[in-house]
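Just so you know, these numbers use all the heavy atoms, side chains as well, and skip hydrogens, waters and symmetry mates. Chain letters run A, B, ... following the sequence lines, proteins first, then strands; residues in each count from 1.
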Amino acid sequence: MNRQISYAEALCEAQRQTLDADDQVIVIGLGVPDPKGIFNSTSGLQEEFGPDRVMDMPLSENAMTGVVIGAAMTGLRPVMTHQRVDFAMTAMEQIINQAAKWHYMFNGQHKVPIVVRMVVGRGWGQGPQHSQSLQSLFAHIPGLKVIMPTSAHDAKGMLISAIEDDNPVISLEHRWLYGIKDFVPEEPFRVPLGKARVMREGTDVTIVSLSYMTLEALSAAETLETRGVNAEVVDLRSLRPLDEQTILDSIKKTGRLIVADTTNKMYGASAEIAALATEKAFSSLRGAPVRIGSPEHPAPTSPALADQYYPRAPHIAAAVLEMLELPVDGLRFDPPEGRRLDQPNASFTGPF
Amino acid sequence: MNRQISYAEALCEAQRQTLDADDQVIVIGLGVPDPKGIFNSTSGLQEEFGPDRVMDMPLSENAMTGVVIGAAMTGLRPVMTHQRVDFAMTAMEQIINQAAKWHYMFNGQHKVPIVVRMVVGRGWGQGPQHSQSLQSLFAHIPGLKVIMPTSAHDAKGMLISAIEDDNPVISLEHRWLYGIKDFVPEEPFRVPLGKARVMREGTDVTIVSLSYMTLEALSAAETLETRGVNAEVVDLRSLRPLDEQTILDSIKKTGRLIVADTTNKMYGASAEIAALATEKAFSSLRGAPVRIGSPEHPAPTSPALADQYYPRAPHIAAAVLEMLELPVDGLRFDPPEGRRLDQPNASFTGPF
Amino acid sequence: MALSPETRIQLFQMQAAIRTAEEAIVRHYHEQEMRCPVHLCIGQEAVSAGACAAVLRSDYAISHHRSHGHYLGKGGNLNAMMAEIYGKATGCSGGKGGSMHLIDLDAGFLGAAPIVGSTIPIGLGAAFSAHLKKEDRVTLVFLGDGAMESGVVHESFNFAVLKKLPVVFVCENNLYSVNSPMHVRQSHVRRLVDIATGHGLPAADGDGNDAEAVYRLTKDATDRARRGDGPSFLEFSTYRWREHCGQNFDHPAGFRDEQEVVSWMERDPISIHRHALIDEKIAHPDELDRIYAAQEALAASAIEFAINSPFPDPNTAADHIYA
Amino acid sequence: MALSPETRIQLFQMQAAIRTAEEAIVRHYHEQEMRCPVHLCIGQEAVSAGACAAVLRSDYAISHHRSHGHYLGKGGNLNAMMAEIYGKATGCSGGKGGSMHLIDLDAGFLGAAPIVGSTIPIGLGAAFSAHLKKEDRVTLVFLGDGAMESGVVHESFNFAVLKKLPVVFVCENNLYSVNSPMHVRQSHVRRLVDIATGHGLPAADGDGNDAEAVYRLTKDATDRARRGDGPSFLEFSTYRWREHCGQNFDHPAGFRDEQEVVSWMERDPISIHRHALIDEKIAHPDELDRIYAAQEALAASAIEFAINSPFPDPNTAADHIYA
Ligand SMILES: Cc1ncc(C[n+]2csc(CCOP(=O)(O)OP(=O)(O)O)c2C)c(N)n1
Ligand SMILES: Cc1ncc(C[n+]2csc(CCOP(=O)(O)OP(=O)(O)O)c2C)c(N)n1
Ligand SMILES: [Mg+2]
Ligand SMILES: [Mg+2]
């Protein structure tokens with residue numbers, strides 16, 4: 001239980017173990033058998049399970065989504081991958097109108113056990129069409145389950161749950177997480193969908209964060225600690241079903257809410273969390289909830305413009321300090337030595 | 001100035017007058033020249049302006065959206081129509097990745113003056129795939145403008161503004177509005193995009209409503225008046241840009257907010273309005289904002305199931321009374337005589 | 001391929017079953033108790049009957065907005081269809097779907113959905129899973145001429161050919177997409193079969209008002225699929241008599257040319273087939289009339305079943321959101 | 001059609017311009033100052049040079065992720081391209097776009113965007129507007145073999161043929177989509193030109209490593225378009241030498257068969273063309289070397305221009321959200 005593996009390895013292991021346990025599982029997507037294997041999250045699977053179970057596909061995201069839906073309805077459990085959520089926009093019709101609805105509209109006669117993995121992210125000049133974080137588009141749709149695992153542990157446990165789930169699950173994975181390691185059990189295990197995770201307990205403020213922003217929130221919490229502020233960090237993990245209880249419990253304890261999303265605020269996932277908090281925990285709130293997100297324009301490509309686009313730990317810390325009417329000076333906004341802001345870490349050298 | 005015409009006629013007039021004023025305007029969409037002309041909103045236009053300016057198109061929503069984007073970038077002003085927002089899901093890639101971004105990502109060198117009209121709605125057995133209200137999917141995307149005119153007056157004035165606007169404008173029109181009449185000036189006029197409209201002044205509670213729900217809200221306000229409650233009704237009209245000022249001013253006056261959307265709440269447009277209110281008018285709020293929307297499942301087809309799916313005026317009134325801790329009894333939940341709940345009015349007999 | 005007399009009479013019977021069901025809807029639709037859009041296939045029965053007769057009950061079929069014929073052809077339960085259109089608990093989708101969402105899994109009818117083009121890859125997915133599981137099972141994917149304009153059909157053709165999937169695309173070319181004639185949507189230099197062959201998809205066309213021709217072409221195609229020789233595309237020319245959606249004729253209102261409508265009605269697939277069976281002495285007119293009348297009675301009793309069925313309990317509206 | 005010596009030398013020069021620009025990127029990319037993905041077209045220069053030479057500056061072109069060659073071929077500003085890749089204010093998109101979003105409206109290069117397939121209908125829309133406005137203007141739409149799998153290409157072909165639009169689809173078949181070879185994506189029984197002709201779209205294929213052949217086929221196609229005879233589809237077989245994205249070779253890492261790569265590198269379009277010009281005595285080797293060296297110098301100076309240009313002011317990030 002003290003084995004550390006990366007997020008990508010954890011995803012790969014989840015697929016390997018479910019492929020192994022259940023003949024009906026297949027893995028399909030552009031570049032799945034590619035030596036680089038979707039940021040290494042599918043590496044080696046085709047070699048192990050053969051091209052009938054782990055396969056590439058034509059550049060036909062729309063039809064191929066329909067194909068996995070039809071395959072799922074007739075007994076398979078397909079896991080499909082898109083290298084960018086942006087590419088999946090071509091398949092929205094199948095996801096929103098079909099995958100999300102066949103179970104309901106046929107009164108339970110069909111099941112659509114598909115998992116659609118989509119990569120979101122930022123940095124390194126991905127620009128307006130390769131770095132969107134479009135989770136709220138999926139999270140709005142009843143019939144879908146929508147998850148954003150943050151840690152390698154949850155990546156494995158939630159992907160196994162998703163593959164075993166009888167419903168369409170959209171999994172959004174942040175590119176900057178693939179290399180990050182965590183303690184991950186070797187045997188198969190399940191992390192339930194629809195449960196948030198308290199990553200750090202605190203009493204002064206609740207930070208609900210999504211995906212990569214949880215790392216920024218944890219780092220902000222450390223900074224805040226040095227200033228005597230005790231932040232609770234809740235990693236949302238699932239957008240639908242939404243774990244209202246964990247969020248509300250935390251707010252009831254702290255009386256303050258910050259929501260940190262990986263994208264812009266307007267009509268985004270952060271609005272739902274803020275609305276939920278006020279609708280159901282109004283009397284606990286000691287101040288207005290605050291959302292943290294990128295500005296209301298597409299992501300520019302040049303680092304000179306993009307560096308300012310993404311809020312980070314110091315921005316979260318600043319928002320908390322402001323909320324508590326504490327001085328906001330002396331926060332460190334520069335990246336660590338040897339790293340630029342468009343890389344998750346110094347070893348990351350592009351090109352995607 | 002005391003001429004009354006229907007919403008459909010108002011839309012048609014807006015298109016006729018812009019087609020007339022500007023050679024670059026074209027109107028295109030499945031069934032545009034159809035004798036029934038998109039719920040009568042395009043009737044007669046092809047006869048008047050010819051098939052090079054007003055035209056049908058192949059059942060290729062995705063490519064045709066690209067075509068109007070390319071045409072717009074090179075000088076035309078296309079108005080495109082989808083008979084259901086559900087069909088437009090096939091074109092999400094073009095709308096989200098392309099239309100919304102070409103101006104920004106090329107640093108202002110391209111303009112994309114397109115209007116994409118989409119029909120939303122409910123009733124008469126449209127069911128899960130023909131009655132969605134997917135406004136929040138568009139409203140989340142920077143670079144798009146997103147409108148939902150409610151009255152015939154605004155339908156005309158906002159469509160003219162949209163056609164003259166140099167940006168991609170998504171217009172969502174509720175099917176139950178097409179037949180409703182209002183005073184509409186004959187000459188061309190503009191209603192600015194990005195401005196909400198106070199439909200009814202009040203002091204006790206603010207109801208922010210979208211599209212058809214504004215009619216329900218107004219009717220609820222009348223009921224409330226008989227119980228001594230003075231409701232202000234704000235017709236949102238534009239989702240992006242969002243008229244924060246009008247909403248916040250109203251909340252500051254009333255201290256209470258109800259948001260009534262045409263669809264489900266989670267991650268929907270109503271979440272943004274509620275989040276905005278708490279973020280920017282927290283201290284004015286005398287209670288938790290409440291959202292009103294449909295339940296978190298697809299729309300069922302049978303009237304026996306669908307009748308309960310859509311909240312109406314009495315539900316809004318009940319929510320207000322609850323919020324004010326007033327008795328909620330005696331509200332009339334039945335439809336008026338001679339009408340069923342799946343029709344906007346008694347003369348509506350389907351089939352769509 | 002010579003058809004047995006039994007098969008030929010079955011084809012007649014199935015066309016009668018579809019026609020009488022649709023006519024029953026026509027008779028009752030104005031009562032405003034079937035409260036959902038209906039897309040009738042009167043005039044196109046030969047395709048449904050012929051194509052579905054060529055496959056087994058264990059084979060799959062999938063359809064779109066105009067699915068009544070495909071559903072019944074594949075053996076779908078008539079009472080459950082009518083009840084579904086009436087929004088009743090006994091409907092094949094428990095009232096959640098309506099006319100545009102028919103399903104009968106016992107009969108291998110996987111479902112229908114009205115976003116044009118979208119069920120094509122879903123049906124293909126069923127064929128893909130049969131292929132991966134090495135099941136002896138063919139899938140019929142019904143589509144219209146309008147669907148041939150959607151990009152997803154092209155993506156589906158490519159994947160079907162690439163993986164040699166056991167699927168037959170059955171395209172009913174009825175010349176219209178809603179009220180839009182072919183020439184505003186597709187160039188006359190483009191033939192539907194050529195698009196298929198362009199993808200390396202074996203294609204054939206035939207008379208969609210001749211159930212036996214439809215049967216033969218579909219049988220060939222499904223035989224090939226069963227042999228592992230992959231997918232096919234079949235185009236059948238036919239014609240819809242009534243308006244796109246609803247129970248009326250639309251030529252009186254000027255939507256289509258009266259002459260065009262009349263000339264196609266003169267080529268009524270059912271009476272053509274009836275005459276053939278009589279001329280070739282396969283059946284006596286009285287026998288065929290009896291068959292037709294029996295179907296008529298079934299249709300009437302299905303309507304009655306539907307009317308007498310209970311509505312679903314409103315409290316079940318939130319059932320089956322998740323599996 | 002015989003090409004003039006000037007045109008032939010221009011074709012050489014343009015190929016050299018593209019090659020040297022790409023090689024300059026290769027030399028500097030590892031410095032990590034071009035901080036965006038780059039999709040190099042080394043090995044494919046003949047298509048860009050040949051197709052673009054066949055059209056006028058006032059004609060339009062549009063491209064996708066691998067657009068450097070198309071942009072330069074169409075007359076796009078080299079300095080502005082390099083500056084864009086470096087994320088500088090002087091870049092053709094002011095740094096907002098990067099390598100995947102080149103544009104030069106003065107040169108009729110409408111833009112490039114990396115969602116595969118998506119720029120095809122947008123280019124078609126430009127042709128549609130030229131057609132409606134009765135402008136004498138042809139649009140070149142560049143696409144790859146991968147894009148031929150996307151549904152939108154099929155929808156676009158249909159509309160182009162339906163409206164007889166002045167557009168030429170120029171498909172570079174380089175056998176790969178990222179690291180996926182043809183056979184996992186498209187059946188060998190499917191030829192790209194057949195898909196086009198299936199739509200009634202006149203189609204031809206040619207050697208994509210022969211700039212003059214590309215020129216001739218494109219000239220024919222654009223002549224037809226200008227005469228009002230509508231769209232065409234051209235397939236050119238060619239090969240990408242470097243990895244899909246980035247500056248390295250990928251065969252040493254085992255992504256592609258070494259022999260395959262080497263055999264295509266032996267068919268280098270630039271040296272083939274160089275030899276032809278020399279053998280046919282159109283140009284002296286020294287002249288060609290001078291031309292090449294001059295392009296090399298321009299590429300180097302473009303890099304310098306880019307490096308010396310200022311970054312955009314961070315405060316301009318929110319400019320141009322709305323027009
Ligand atoms: C994607 C999409 N676009 C538009 C529609 C509206 N629509 C419903 S049926 C139909 C006509 C389809 O024509 P065809 O495929 O030929 O079938 P037919 O109605 O003739 O049987 C259209 C355009 C739709 N349902 N889905
Ligand atoms: C819709 C979509 N799916 C997937 C991708 C990822 N992708 C980027 S380039 C590419 C390969 C395209 O191949 P091709 O069209 O042949 O162009 P080439 O790279 O060979 O020049 C892919 C799959 C994308 N950008 N867009
Ligand atoms: Mg048709
Ligand atoms: Mg390629």
Heavy-atom distance under 4.5 Å to chain C: side chain of D:Val153, backbone, both or neither?
side chain
C:Leu162 to D:Ser187 - nearest heavy-atom pair and separation
CD1-N, 3.8 Å
Taking only heavy atoms into account, what residues of residues 197-210 of chain C are found under 4.5 Å from chain D?
C:Gly198, C:His199, C:Gly200
Output the residues of residues 211-238 of chain C for which the shortest heavy-atom distance to chain D is under 4.5 Å, in residue-number order; output 'none' if no such residue exists.
none
Less than 4.5 Å to any heavy atom of chain D: does that hold for the side chain of C:His183, its backbone, both, or neither?
backbone
Check for a donor-acceptor pair, side chain of D:Glu155 on one end and backbone N or O of C:Ser150 on the other, with a separation under 3.5 Å.
no
With chain C as the partner, which of D:Gly151, D:Ala196, D:Ser156 has the greatest number of non-hydrogen pairs under 4.5 Å?
D:Gly151
Residues D:Asn158 and C:Glu149: closest non-hydrogen pair is ND2-CG, 3.8 Å
Heavy-atom side-chain contact between C:His154 and D:Ile195 under 4.5 Å
yes
